[in-house]
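Heads up: the structure comes next, in structure tokens.
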Amino acid sequence: MTKKIKRIPTFFHEFKGRPIPDIDLASYRLAVGGEVANHLELSLEEMGELLPVIETRRRFYCVNGWSLEAQWRGFYVADLLELAGALPGIPYLRAVSGGGYEDTSRIESLVKGRAMLVTHMDGEPLSPERGKPVRLMIFDKYQFRGVKAVARVEVVKDYRQGAWVKYGYTDASIQPFPHFAVDKGENLMPDTDVLDAGPDEI
Ligand SMILES: Nc1nc2c(c(=O)[nH]1)N[C@H]1C(S)=C(S)[C@@H](COP(=O)(O)O)O[C@H]1N2
Ligand SMILES: [Mo]
């Protein structure tokens, strides 16, 4: 049994002061668009049939100085982009939440960092707070680029500043100082692989 983590600092800017909507799993569709050969609208069931299911234990980092390790289940962004036929030479993937939070990342970096679209955390389907039903997880960048409750992803030519930029965060590369691990209750240096991930080439 995984230990329940008591306090995860939740960030859900678009629903500040409002209840987070509980998205219906049966009618949910993930839209995949932009510069792709096949525009898709995938149900959770279809995602499970068409994409390899990945299970991994990894830590994510928040720019506010904390981190959280958990068991994640979902799909590689790389596999989804292959399914959609992302056109070659188009550099960016934009993810947009149902509430309008968005961020844009370099596809090359998402593939290299084994970024995922996650449906389960520690064996349970994501709760609304955690980004039900699908969240983008970018483990080797600060997680403000990892949009929760993703409604659509788009392969795009141009970078557009994301929701957090107005708070002053642009560089998502993980910085070499201790971050508070909320799952362990102690300060930990980021793992070497995320420090080695290099600069955020947006
Ligand atoms: N839709 C949406 N996704 C989001 C955010 C947000 O405000 N809205 N915050 C980001 C930030 S800054 C972090 S650290 C993580 C927090 O995830 P958690 O609430 O599961 O801890 O979600 C990221 N994804
Ligand atoms: Mo964050």
Side-chain angles (χ1 to χ4, degrees), residues 2-25 28-32 56-75 77 92-105 109-110 113 115-154 160-175 177-185 187-188 190-191 194 197 200 202:
T2 24
K3 213 173 75 198
K4 277 260 178 265
I5 299 147
K6 289 197 195 73
R7 255 192 81 73
I8 303 172
T10 295
F11 287 93
F12 231 133
H13 286 292
E14 62 272 46
F15 300 119
K16 220 165 192 170
R18 288 183 292 145
I20 298 164
D22 190 354
I23 294 163
D24 175 48
L25 295 183
Y28 172 80
R29 298 290 181 273
L30 173 72
V32 186
T56 186
R57 194 166 181 83
R58 291 185 81 180
R59 180 171 294 281
F60 82 77
Y61 294 85
C62 172
V63 69
N64 288 343
W66 56 273
S67 74
L68 166 64
E69 188 182 281
Q71 184 82 13
W72 306 100
R73 187 195 305 162
F75 314 97
V77 168
Y92 298 110
L93 185 76
R94 177 170 305 133
V96 187
S97 85
Y101 182 101
E102 66 165 58
D103 216 306
T104 302
S105 291
S109 153
L110 295 174
M116 292 177 71
L117 285 156
V118 155
T119 55
H120 290 68
M121 176 181 167
D122 290 334
E124 304 282 341
L126 293 174
S127 64
E129 291 74 18
R130 298 276 83 72
K132 182 185 180 178
V134 173
R135 69 185 287 176
L136 176 60
M137 294 299 293
I138 304 177
F139 300 100
D140 59 354
K141 295 280 145 55
Y142 279 129
Q143 200 58 33
F144 64 83
R145 294 221 187 285
V147 174
K148 297 195 289 187
V150 178
R152 64 175 203 276
V153 292
E154 293 163 2
R160 186 162 81 201
Q161 292 188 329
W164 266 80
V165 171
K166 57 178 177 291
Y167 298 91
Y169 300 112
T170 47
D171 181 359
S173 52
I174 295 168
Q175 298 300 302
F177 59 75
H179 293 60
F180 185 72
V182 296
D183 51 318
K184 296 198 164 158
N187 285 308
L188 286 181
D191 300 328
V194 303
D200 192 19
I202 285 294

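Since the model is a prediction, treat every value here as computed from it, not as a measurement. Note that ligands are numbered from 1 as they come in the structure, with each ligand's atoms numbered from 1 the same way.
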Give a yes/no on ligand 1: does Phe15 have at least one heavy atom closer than 4.0 angstrom to it?
no
Atom 10 (C) of ligand 1 - nearest protein heavy atom and its distance:
Tyr101 OH, 3.6 Å
Atom indices of ligand 1 within 4.0 angstrom of Ile8 heavy atoms, with elements:
21 (O)
Would Lys148 pass as a cation-pi partner of Tyr101, given that its NZ or CZ must be under 6.0 Å from the six-membered ring centre and within 45 degrees of the axis?
no
Do ligand 1 and Phe11 have nitrogen or oxygen atoms that lie under 3.5 Å from each other?
yes
Check Pro9 against ligand 1 and report side chain, backbone, both or neither, counting heavy atoms closer than 4.0 Å.
backbone
CD (Glu129) and CG (Asp22) are apart, to the nearest 0.5 Å, by 9.0 Å
Compute whether any side-chain donor of one residue and acceptor of the other, for Lys141 and Ser105, lie under 3.5 angstrom apart.
no
Polar side-chain atom of Tyr142 near backbone of Gln175 as donor-acceptor pair, under 3.5 Å:
yes
Protein contact of atom 16 (C) of ligand 1 - nearest heavy atom, named by residue and atom, plus distance
Arg135 NH2, 4.0 Å
When you measure from atom 11 (C) of ligand 1 to each heavy atom in Arg130, Arg145, Gln143, which option holds the nearest one?
Gln143
Out of Arg94, Gln161, Arg145, which residue meets the side chain to side chain donor-acceptor pair (under 3.5 Å) rule with Asp103?
Arg145
Test of understanding: given a 4.0 Å heavy-atom threshold, classify the contact between Tyr167 and ligand 1 as side chain, backbone, both, or neither.
neither
Got the closest protein heavy atom to atom 24 (N) of ligand 1, with its distance?
Gly146 O, 2.7 Å
Using side-chain contact (heavy atoms from CB on, under 4.5 Å) as the criterion, list what pairs up with Thr170, not counting sequence neighbours.
Val165
Heavy-atom pairs closer than 4.0 Å: do any link ligand 1 to the side chain of Tyr142, the backbone, both, or neither?
neither
So which of Met121, Lys148, His13, Glu14 gets nearest to atom 3 (N) of ligand 1, if we judge by its closest heavy atom?
Lys148
Non-hydrogen atoms of Trp66 versus ligand 1: any pair closer than 4.0 Å?
yes
Are any of the side-chain heavy atoms of Trp72 and Met121 separated by less than 4.5 Å?
yes
Is it the side chain (CB and beyond), the backbone, both or neither of Phe144 that lies under 4.0 Å from ligand 1, heavy atoms counted?
both
